[in-house]
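See structure below.
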Amino acid sequence: MKDNIVIIGGGVAGMEAARQLIALGHKPIIVEKSNSLGGHVASWYKLFPDMTPASEIIARLTKEISDANVFTGTKVLSMTKDKDTYSLTLDNGVTIAAKAVLLATGFHLFDASKKEEYGYGVYDKVITNRDLEALFRGEKDARIDNPKAVGFVHCVGSRDLKAGNSQCSKVCCMTAVKQAIEMKEKFPQAEIYCFYMDLRLFGKKYEDFYINAQRDFGVHFIRGRVSEVGETFDGRLQVKAEDTLAGKPLKVQVDTLVLMSGMVCNPTVSDLVRQARLDIDDDGFLKSRNNIFDILESNRPGVFYAGACTGTKTVPETLAEARAAALEIHNYLKDG
Amino acid sequence: MIDRIPSGFNPFVIPFLVGMGFVLLYCAFGVVRILFQLSREDRRKFFISLVNPKTALKNIRDIFCDCLFHVKLWKRNPLLGYMHSSIAFGWFMLILLGHIEVILFVPTRINLFYYPIFFNFFVAETDQTLRGALLFFLMDFFLLVVLSGIVLAIIKRVRSRLFGMRRTAKPSVINLIGLYALWSIFPLRLLAETFTAHISGGSFLTGPANWIFRQFLGNDLHYLPTWWAYSIVLGIFMCVLPFSRYMHIPAEMLLIPMRNAGLKIRNARKGLAKVQVYSCPNCGVCIDACPMSAGKENIKDCTVYLTRQIRRGNEKRIAEISDKCLLCGKCEAVCQVGVQGPEIRIQQRAIREYSINQDYSDIAALPVREAKVLYFSGCMSKLVPSIGRSVESVLRKAGVDVEWMDRDGGLCCGRPMLTAGRTDEAMSMVHKNEEMILASGADTLVVSCPICYRMFKESYNLPGVRVVHYSVYFDELVKAGRLHLTKSDLCYVYHDPCELGRGCGIYEEPRRLVGQAAAIAESDKCRAESVCCGGSLGSLSLSFRQREKITKASLENLYTSKADAIATACPLCQATLSRYSDRPVRDIAEIIDRQTN
Amino acid sequence: MIYEGKQKIWSDYQKEIPDDHWYYVRSCIRQNFFPASERMFTEITKNVLKKDIYETPYHTTCGGIAYHCDTIPQETVMTIVARQFALMTEAGYENYVPSCITSFGNYSETLETWREFPELEARIRENLWKSCRREFNKPKYLAHSSDLIYHWRNEIAQKGKFRLVDKETGEPLRIVEHIGCHYAKMFPHKGVGGAEYPYVLAGMVESWGGQVVDYPERRHCCGYGFRQYHVKANRGYSVSNTYKKFESMEPFHPDAIITNCPGCPYFLDRWQYVISEQTGKTYGRNGFGIPVFTYEEIAGLVLGYDPWDLGLQLHQVAVEPFLDKIGIEYDPKAKYLGLNKEDILRPGLPTSMKCF
Amino acid sequence: MADFGFKLSKSSTLDLDKVDLKVYNLLCKTDPDIKTCMACGSCSATCTAAPFSGMSMRKVILALQRGQDVRPMLGKCMLCGKCTMVCPRAINTRHLILSICKCYD
């Protein structure tokens, strides 16, 4: 009998790891707390840099892991070590003895309403990057009605000690530029303003998006963090920031304000982490044994990590980690 | 030989007379207008030069050499030279001989100036004389010469590559009318003279042809229509001439004396510039020469199109063409008639009005240490710091007491502003720099940037100060034995910077220097024919992407030399070429500095 | 505006306010600016609500103005604060309520500083002992007097004779609430409703029938800014900030402004006159200004006190249109009569702003 | 107007809803690469005129994008072209300067 491998988390990391493990001859078990697979990526419309529909990625992964044993809508209640296996109890009553456990528990999108000054949940026209993706996916959103001006606030809940997250979420600058372009395509009459602290556009083709946004879509980039948002008499939003390049306070009225919520650690894994005695890093994410060589390994033998559970990652980075983690697990079981 | 028609008139001459009258009036009016557009001094200068025997003689010689014999074109392309001179000189001879015939045989008709043109219609040959036969022979001979030119022109029109031309200017409709009229003049003349050859006499062409035609066209009914046709195409040609490129025929005759009088372009649309515009024969030699035409781009921005658009008054295109040019000067170098494309463009730029006008007069003069020799490196050299450092090092090695006046920054020389057409602003900078240079008490100003060098030579007034490019100065130091060069085993090809070569005529000294410090090779196109690097500040509107193609074409030319490295003497050329070059690009100063101790 | 969203934030910023036994300290400047306000506070709390509010004439300034004008160091301020606490302790009280917002901020800042740096507290105790041989306990509860009125807002509404509604249309009046900067901007959790969407005054307005106006510059300072006003060279900056606020609230056409700080009502009121003199612009209807009240004045009006007994004739901006709208009766002839019913003279009238 | 010895000062806030972008929009047509400036400041650092006037092309472009008057900023530009040479976004700043100099009425 093959050894059991449990993958906790059915986002793209968990799915891709399962796909690779199946290819290596294993039969992994995926435990996903929500009712469908795909995680955050499933709620996105298109992915940079090639504007690939996220649904395509999810569909392909779903098809290719049909051999895996998948529990959706299921939480892991406990995870304890028993000699060289881990005993996992699920909330549907199932108990699994696993030789290897892969944590692909991902991240949480920062709760934008914590940044009270931006008024998410208070002003009708303040939305988040995720809300905007839902709109792009075709969902109706009464908050967005043919806007004449749209603001994007970068670094919401990222690089912000006051919000409890000092790390850069890495993908939001690029997501903002991508969404700014998509927004301009959807509403060509709208003026688009991006409020940024630094533009961190490091990846393949990202700079091209930046230039296109400037040159072809006329997106205005304003180097300054938004300080406060207020509602005007006619229900628009007045956004205030310092234009740090001009050294002057700046204000502008927009009809939609998109908050680029950052990636924060997933708080729902804290129980598991405690039970399995896993280490947590300073930034709240799971701590790898080593951030260069053993990035996929936890401090406990047989427990592996893949994807954004150890820190902010892009989709391609997550997929690459998942593939690598599958191989690590395969080698671990072969040697063990 | 007697008058065949007592009245000396036939209605068919009317089209010719109308055309001729029109063109003469048009030209006379044009000349008067242009002379009025000249400034008072220029006009004076021009008239004095006309009566000065030396320039008068030169004018005549130039008109013959340039307009009739196309000597320059012969040197460049013998086939094209023959084509043009056969038509021009042949036609000229036909007109001349026609007059001689009238004077000799019907001197009373010399006041009818259609007579020499249609001589064979109006006379009847009564007795054959040797004199008449010789003239008739010459007439047929030159007609044949012209016809051979026309045949070549027709071939060139179809296959320009046979004539070594890759691209020619696209003719406009009016030019096409003129062209077809010109082409048909001479065959029709041949036909007309053939039909009357049994009456008025003919020679080796017209005689036999007449005999052949008479074998199956037994009467004289068709000769009048051919004379009509001949006159009509002449009339058409004359009428379209002022509006076609054939205007260059009369215009060049005004341009030559104006140039010999030493006039300069002061306004892009008046005076000398106007004459140059009309002198452009639309030959299109500048298209192949233009570095911007690399990759078949920007063809419509060459000088031939500038003159055309100026004649049409298409202001938008005139501005575009003027702003785009690199001002490398190559079109001027290859131009057969001497159209100063770059200068017309600069003056065109100068017409534009700006609401923000720079003024530097209130800048405090920078202190310059007193020294015998001043060195000015210019703005661009700050981006290629090896140049300034090498120049200073070489001068020190030669024991020259030198002060680098803009080591820590200084004012621009003003040429970029000047070439943008903003003369007043440029001169404001010039005066500031003059003040600083003269205050230093130096007697020599060594300049490393060719852009600055040309500006110092042409626009600065520095009494008692010798302005010298460092390549010339180094060459002198070597000759005087103050610099000792060792030869490296590298082989360099020297890229002539536009402003230094075509701009200031310095070709030899840089080559001599490089030749003493290393092996030297030449590229296909060099010296006056060298290809601009594309980085020129002359162009106002060329984008980076557009310049990339030009630079690569320039490099391709340099690569033909098979040299290991490229030498140049301009910071802008170096920065531009090294952007895409597959081999090192070095400034001469750096090469010399390496090869001296 | 999503009201539930605001409510959620308010629920995050609640503070415990004991119902009785408060040690009350007055403001340095309020009695000059709005002389009836503190009087009304004790009147309402003691006489109407029957609460135990203790006062002593021996308390001094808290040092806040001098501190924020950069004229005395923090250690001095803390020692003054310590003396105030000593007076409270001596009087046998544990709940401390200042009337001034800057004082409230000052006390909060001092207590927070001591919490972070206990050695500093020890030194201040020593300073106080050396200077006046007093000892103190830190207050168990610190509240601003507006917190107390907020706490009792519903009782006041029950006892009230008037509501903040238009008597003609029955519509709630549109009220701008302006919170003093030192109330919650330094320590959001010390204020009711936090710093971004403070509820302390909004709660009173809602309880008393009015409607709060939310406008883009609601967070902005009134313009006082201590040094900005006190140094005359900076005074243009002071009035410019007030101008910014009024420009921002203008499209909402508020009926009145309610404030909880000593400086704010003064500057929002007087600078309207200065702005009207300099630009000719007025912000109320028909050439009037927007009347500015302290929360005690509004409470007094709601409870049916005579406007002239509340000292409303000392306002620069005329309050009559506001009174008329609610239907509060007043004797126009009595406006400028003093306590002894003698004429107290009339002020000069502004050029642009209507003031009756 | 009453004299209080102090005056309302002009707001320094850039109000993007009120600024006049006429000049900038005009320049976007003649010099579309103005849109791609990323404010790196290379142009300002290399500027020949900067030591004499504080000229900064970065500030000029930004001021244009914010609808500010740039006329006083260009008075010492020498059109030397160094800014164009160093621009990482290949903006033809030299042409842009000429366009600015000409587009004010």
Side-chain angles (χ1 to χ4, degrees), chain B residues 319 323-324 349 352-364 366 378-384 406 408-422 425-426 428-430 432-433 449 451-452 535-548 571-572 575-576 579, chain D residues 22-23 26-27 29-37 42-55 57 60-61 63-64 68-105:
Chain B
D323 285 357
K324 207 181 227 180
R349 293 171 186 182
R352 189 173 295 147
E353 287 197 3
Y354 293 92
S355 49
I356 303 175
N357 299 298
Q358 284 76 8
D359 177 23
Y360 314 92
S361 51
D362 56 343
I363 289 178
L366 302 166
C379 308
M380 278 297 164
S381 302
K382 302 288 182 297
L383 295 176
V384 190
D406 60 342
D408 301 317
L411 259 66
C412 171
C413 66
R415 181 142 178 92
M417 194 60 109
L418 188 83
T419 55
R422 311 193 63 190
E425 285 81 359
S428 171
M429 259 181 268
V430 167
K432 202 68 207 163
N433 275 323
C449 172
I451 304 164
C452 309
S536 170
L537 288 172
S539 171
L540 301 178
S541 61
L542 271 179
S543 73
F544 182 74
R545 290 272 164 259
Q546 290 170 311
R547 285 171 188 267
E548 181 180 340
L572 203 49
T576 309
R579 200 175 283 144
Chain D
K22 201 179 84 209
V23 174
L26 211 68
L27 290 167
K29 293 204 179 74
T30 59
D31 297 75
D33 43 2
I34 189 178
K35 294 190 273 189
T36 64
C37 173
S42 310
C43 46
S44 316
T46 199
C47 178
T48 304
F52 305 107
S53 63
M55 156 112 187
M57 214 36 213
V60 168
I61 292 178
L64 288 166
Q68 309 291 293
D69 186 1
V70 299
R71 274 174 287 191
M73 304 166 81
L74 291 165
K76 291 284 178 284
C77 168
M78 303 184 190
L79 219 60
C80 73
K82 278 172 84 185
C83 47
T84 310
M85 281 294 279
V86 299
C87 178
R89 281 284 177 86
I91 299 172
N92 190 344
T93 47
R94 221 170 144 251
H95 188 258
L96 178 60
I97 291 166
L98 285 171
S99 298
I100 299 168
C101 287
K102 134 180 111 182
C103 75
Y104 281 97
D105 311 318

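These numbers come from the heavy atoms of this one structure, side chains and all, not from hydrogens, waters or symmetry mates. Chain letters run A, B, ... following the sequence lines, proteins first and then strands; every chain starts at 1.
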Check whether [X] gets within reach of chain D through its side chain, its backbone, both or neither, counting any heavy atom under 4.5 Å.
X      : result
B:R352 : side chain
B:R349 : neither
B:S428 : neither
B:I451 : neither
B:M417 : both
B:R415 : neither
B:S381 : neither
B:E353 : backbone

B:G414, B:A575, B:G410, B:G535: which one forms the most heavy-atom pairs within less than 4.5 Å of chain D?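 Greatest number of close heavy-atom pairs with chain D: B:G410.
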Leading residue by heavy atom contact count with chain D [cutoff under 4.5 Å; candidates B:R547, B:M429, B:R422, B:K382]: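 Of the options given, most contacts go to B:M429.
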So for atom NZ, which belongs to D:K102, do other residues, nucleotides or ligands contribute more than 12 heavy atoms lying within a distance under 6.0 Å?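 For D:K102, atom NZ is crowded (more than 12 foreign heavy atoms under 6.0 Å).
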Could you measure the distance from the [atom1] atom of [X] to the [atom2] atom of [Y]? Nearest 0.5 Å is fine.
X      : Y      : atom1 : atom2 : value
B:M380 : D:T48  : CE    : OG1   : 7.5 Å
D:H95  : D:D31  : NE2   : CG    : 5.5 Å
D:T36  : D:I61  : OG1   : CD1   : 8.0 Å
D:L74  : D:C101 : CG    : SG    : 5.5 Å
D:T46  : B:L383 : OG1   : CG    : 4.5 Å

Segment of [X] engaging chain B (4.5 angstrom heavy-atom cut-off):
X      : answer
D:Y104 : both
D:S53  : neither
D:R71  : both
D:I91  : neither

Partners passing side chain to side chain donor-acceptor pair (under 3.5 Å) against B:D406 (at least two apart in sequence or in another chain):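 Side chain to side chain donor-acceptor pair (under 3.5 Å) check on B:D406 returns B:S377, B:W404.
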May I ask you to say whether B:D362 pairs ionically with D:K76, meaning some side-chain N is under 4.0 Å from a carboxylate O?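 Yes, this pair counts.
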Taking the side chain as everything from C-beta on, heavy atoms only, tell me whether B:L411 gets closer than 4.5 Å to D:M78.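 With C-beta onward as the side chain, the pair touches.
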